[in-house]
Amino acid sequence: MVVFLEAADEEKLLSFYRENGFQQFDTRLTDSSKGKPHELIQLLKLL
């Protein structure tokens, strides 16, 4: 089983996920009509 998530590019948040076994595999820009796009970090963990 694979757990997939996207998180904001904030070091404290990313450190939490890395300490709990998640690995970064990609990034993407949001596609928002309400504001400027921002980058999300994509992480996964194999269970």
Under 4.5 Å side-chain linkage, directly or through intermediates, the cluster mates of I41: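 ILVMFWY cluster around I41 also holds M1, V3, L5, L13, L14, F16, Y17, F22, L43, L47.
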Could you measure the distance from the [atom1] atom of [X] to the [atom2] atom of [Y]? Nearest 0.5 Å is fine.
X   : Y   : atom1 : atom2 : value
L40 : D26 : CG    : CG    : 11.0 Å
T27 : E39 : OG1   : CD    : 4.5 Å
R18 : Q23 : CZ    : CD    : 10.0 Å

Would a 4.5 Å heavy-atom cut-off, applied to side chains only, mark Q24 and Q42 as touching?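 They are not in side-chain contact.
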Any side-chain heavy atom of E6 sitting closer than 4.5 Å to one from R28?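 The answer is yes, as the side chains (C-beta and beyond) meet within the 4.5 Å cut-off.
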Under the 3.5 angstrom rule, does the side chain of T30 hit a backbone N or O of H38 as a donor-acceptor pair?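 Yes, T30 side chain to H38 backbone: donor-acceptor pair under 3.5 Å.
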